[in-house]
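In what follows, a structure is listed as structure tokens, so that the remarks can point back to it.
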Amino acid sequence: MRNGRKSWLVAFTAFFLVFGAWCFAAPFDGPADEVQHTIRAAGVASLDPGQIFARPTTVPDAFGRPGMGAYQRVPVGMDAHATCFGPHPKVSAACAAGLKGGPIGEVSTSAGRYNPLYYLVVGPPLRWLPNWGGLVAARLISSALCAALLASAFVSLLRWSRYGLSAAALLAVATPMLAHLAGGVNPNSVEIAAGIAFFSAGIPLLLEPPDLQRKRGLVTLLGISAVLLLMLRSAGPAWFAFGLFALAVPVRRKWLREYWRLLRVKLWTAGVTLAALLSFAWIVAMKTGELVPPPPGLWRYRFGEAVAIYIDSWWVYLQGMIGVAGWFDVTMWQPVYVVWAMLVGGLVFFGGIFGDWTLRWRYLVILLGGVALPGVLQVSQARQTGFITAGRYMLPLLAGLPLLAAWTLEQRLLDAARARSLARTFVIFLLPVHLVLLVWAMVRWQRGMPGNAGLGWFNPLAGKWHPPTGSITPLVIMGIGLAVTAVVFWRVPHDAAPVTLSVPGAPAEEAPAPEPAGKSDAVSDAPGDVPAQRDLPSDTWPGSRLPGAEATPGSR
């Protein structure tokens with residue numbers, strides 16, 4: 001247990017530092033929709049029921065266009081949209097007033113109908129300190145929430161995956177886009193982290209034989225992430241439904257009956273059911289799916305044209321999953337996206353090739369929920385909203401693909417050495433992208449980003465605007481965070497440990513040697529699924545395994 005806590009703490013520190021760097025780098029409203037979310041957070045933090053359950057109404061957006069939202073009674077200085085630089089990539093943030101206080105007044109926000117759960121947690125610093133200090137504190141709270149979920153996902157996968165490759169695959173789904181959002185005030189960040197944690201707990205829990213004693217932590221993590229997915233944003237119930245369907249079908253009734261013996265499973269089932277009911281009640285009562293008709297003639301898309309645009313925009317959506325900062329105007333050089341897409345896409349592709357038809361069924365369900373459903377919604381509403389779908393909205397569900405792929409490949413194809421090589425490839429090629437996006441965003445906010453910017457322009461210490469805490473601060477935090485993260489994930493891959501069966505009251509027996517990947521006798525009673533994972537006797541963090549837990553000679 002102590003080793004598990006140590007692994008969690010180290011992973012939390014690594015993620016928190018990477019996310020926290022963004023908290024000190026961005027101007028107010030530099031991250032997408034931050035003004036809208038901070039106004040909502042400050043209103044909810046008042047604990048006034050009239051603010052928490054604010055009446056849905058038509059409100060102006062940052063540019064004065066009508067949309068659905070609500071009014072919150074907050075310091076009027078919070079209504080400081082970054083319109084002077086947000087839509088103008090060549091203009092620095094020096095033109096903006098930043099977050100200020102002022103008298104309490106009615107301030108509009110398009111996030112006024114959002115579920116209050118996230119805002120109750122991040123809102124108090126903004127309510128009582130509507131300045132740079134309060135903003136950074138709220139951002140750090142949001143970063144800590146995301147880091148805690150990812151650290152829990154890391155420990156779950158580290159304990160239960162065969163060689164640790166699934167844990168290393170977190171680098172593929174914890175993208176720079178997540179880090180950027182986690183360093184701002186936006187519930188989308190926690191939603192993405194919850195989606196990653198949902199699959200990290202659900203894969204070893206539902207795709208492997210039950211272990212009522214040692215998998216209780218997975219039940220808790222799955223329950224927490226399910227509640228967060230259901231309640232944070234209006235799309236969450238769909239992500240939860242498709243994710244659960246992908247993991248639980250085909251269902252093993254024997255396994256379900258075994259899990260149902262746990263009181264913890266019954267309590268979390270009741271809790272998730274209650275969260276689902278409350279979420280649907282909120283969506284209906286607060287009209288979160290209702291749109292304001294646009295001015296006549298604003299959008300003229302024909303159905304076939306909208307379909308073609310959606311299909312042809314998938315590189316843009318992929319970029320949005322990897323990392324596009326600011327008001328979607330901070331894009332890295334294209335080879336950076338290509339490298340990320342090749343590594344992660346290759347992982348998913350070969351997982352589908354070497355997996356069985358059950359895995360491909362899971363892929364199909366996730367793609368239907370994460371690609372087809374957003375497409376249907378976007379195309380059907382294109383004449384009302386224009387094209388507003390972004391890759392980051394799909395990430396909570398699509399993150400399941402690389403995690404499933406890594407789990408399958410270390411079961412069916414890769415031995416310990418090849419799993420270690422792939423994991424370290426992720427460290428070498430994916431981690432530096434976090435620093436690249438941070439530098440690109442800082443340069444854009446501090447001095448603007450002209451279209452012909454050369455190498456000399458990318459100096460994050462130059463420009464007219466700098467964070468009140470200095471530009472060196474986020475760079476140092478990011479550097480330390482990436483170093484810690486590199487050490488953590490470089491040490492992840494391990495050799496398979498021998499089997500230990502924890503049967504209450506049974507005498508200890510010598511563990512049999514592990515078999516080659518994909519050849520385990522402990523296969524599930526549902527034909528065609530991934531072979532069952534053998535239990536690990538202890539935490540698989542290097543140096544923390546029990547004496548004698550090394551793989552037997554000749555095993556993979």
Side-chain angles (χ1 to χ4, degrees), residues 29-37 58-69 81-83 86-89 109-111 113-114 175-178 180-181 184 186-189 191-192 195 233-236 238-239 242 287-332 334 337 341 366-399 444 449 451:
D29 204 30
D33 304 320
E34 189 171 51
V35 162
Q36 312 285 3
H37 295 298
T58 301
V59 298
D61 65 7
F63 302 97
R65 297 173 300 201
M68 283 300 294
H81 297 277
T83 51
H88 307 293
T109 169
S110 61
R113 300 172 296 162
Y114 281 33
T175 64
M177 190 71 216
L178 170 58
H180 170 51
L181 292 170
N186 194 320
N188 189 201
S189 61
E191 181 190 32
I192 295 171
R233 299 180 70 251
S234 58
W239 304 150
F242 278 93
K287 305 176 182 178
T288 59
E290 187 173 313
L291 300 173
V292 175
L298 181 61
W299 310 111
R300 299 178 179 271
Y301 299 110
R302 297 185 299 273
F303 174 79
E305 182 182 10
V307 171
I309 292 175
Y310 182 76
I311 294 174
D312 197 42
S313 299
W314 263 93
W315 180 246
V316 176
Y317 298 142
L318 187 61
Q319 286 180 307
M321 297 180 209
I322 298 170
V324 178
W327 287 33
F328 312 111
D329 62 337
V330 183
T331 56
M332 300 173 286
Q334 293 303 306
Y337 296 104
I366 292 174
L367 289 171
L368 286 175
V371 178
L373 178 61
V376 170
L377 296 176
Q378 174 61 88
V379 169
S380 65
Q381 301 295 329
R383 295 176 67 90
Q384 289 221 102
T385 64
F387 275 81
I388 61 173
T389 299
R392 62 188 176 96
Y393 297 142
M394 310 169 187
L395 197 51
L397 185 57
L398 294 184
R444 184 264 173 273
M449 189 75 78

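Residue numbers count from 1 along this sequence.
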Q: Keeping to residues at least two apart or across chains, list the salt bridge (charged side-chain N to carboxylate O under 4.0 Å, His left out) pairs with something in residues 385-396.
A: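 Listed once each, the pairs are Asp33-Arg392.
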
Partner residues of [X] under the side-chain hydrogen bond (donor to acceptor under 3.5 Å, both in side chains) criterion, sequence neighbours left out:
{"X": "Glu191", "result": "Asn188, Arg233, Trp239"}
{"X": "Thr331", "result": "none"}
{"X": "His81", "result": "Asp79"}
{"X": "Thr109", "result": "Gln36"}

Considering only distance and modelled atom types, tabulate donor-acceptor pairs under 3.5 Å from the side chains of residues 369-379, sequence neighbours left out.
residue, atom, partner, partner atom, Å
Gln378, OE1, Ile388, N, 2.9
Gln378, OE1, Thr389, N, 2.9
Gln378, OE1, Thr389, OG1, 2.7
Gln378, NE2, Gly386, O, 2.8

**Q.** Any pair counted as side-chain hydrogen bond (donor to acceptor under 3.5 Å, both in side chains), so long as it reaches residues 308-317, sequence neighbours left out
**A.**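 Sorted pair list: Trp315-Gln334.
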
**Q.** Listed partners of Ala399 passing side-chain contact (heavy atoms from CB on, under 4.5 Å), at least two apart
**A.**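 Partners of Ala399 by the side-chain contact (heavy atoms from CB on, under 4.5 Å) criterion, ordered by chain and then number, come out as Val173, Ile196.
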
Q) Taking only residues two or more places apart in sequence, or in another chain, which ones meet Leu395 in a side-chain contact (heavy atoms from CB on, under 4.5 Å)? A)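 Once residues adjacent in sequence are excluded, the partners of Leu395 under the side-chain contact (heavy atoms from CB on, under 4.5 Å) criterion are Thr175, Ile192, Met321.
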
(Q) I'd like to check Ser110 versus Met68 (side-chain heavy atoms, cut-off strictly below 4.5 Å). Are they in contact? (A)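 Not in contact.
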
State, to 0.1 Å, how close [X] and [Y] come at their nearest heavy-atom pair, and which atoms those are.
{"X": "Gly30", "Y": "Trp327", "result": "O-CD1, 3.5 Å"}
{"X": "Thr288", "Y": "Ser234", "result": "OG1-CB, 3.8 Å"}
{"X": "Ala382", "Y": "Tyr301", "result": "O-CD1, 3.6 Å"}
{"X": "Pro87", "Y": "Ala82", "result": "CD-O, 3.9 Å"}
{"X": "Gly326", "Y": "His180", "result": "N-NE2, 3.2 Å"}
{"X": "Ala341", "Y": "Ile322", "result": "N-CD1, 4.4 Å"}

Q: Check whether any side-chain N or O of Asn186 sits under 3.5 Å from a backbone N or O of Ala32 as a donor-acceptor pair, and report yes or no.
A: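 Yes; at least one donor-acceptor contact below 3.5 Å.
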
Q) Considering residues at least two apart in sequence or located in another chain, which fulfil the ring-ring contact (aromatic ring centres under 6.0 Å, His included) criterion with Phe303? A)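 So Phe303 forms no ring-ring contact (aromatic ring centres under 6.0 Å, His included) with any residue.
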
**Q.** Atom pair CZ (Phe242) and CD1 (Ile366), whose distance is rounded to the nearest 0.5 Å
**A.**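 The distance works out to 11.0 Å.
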
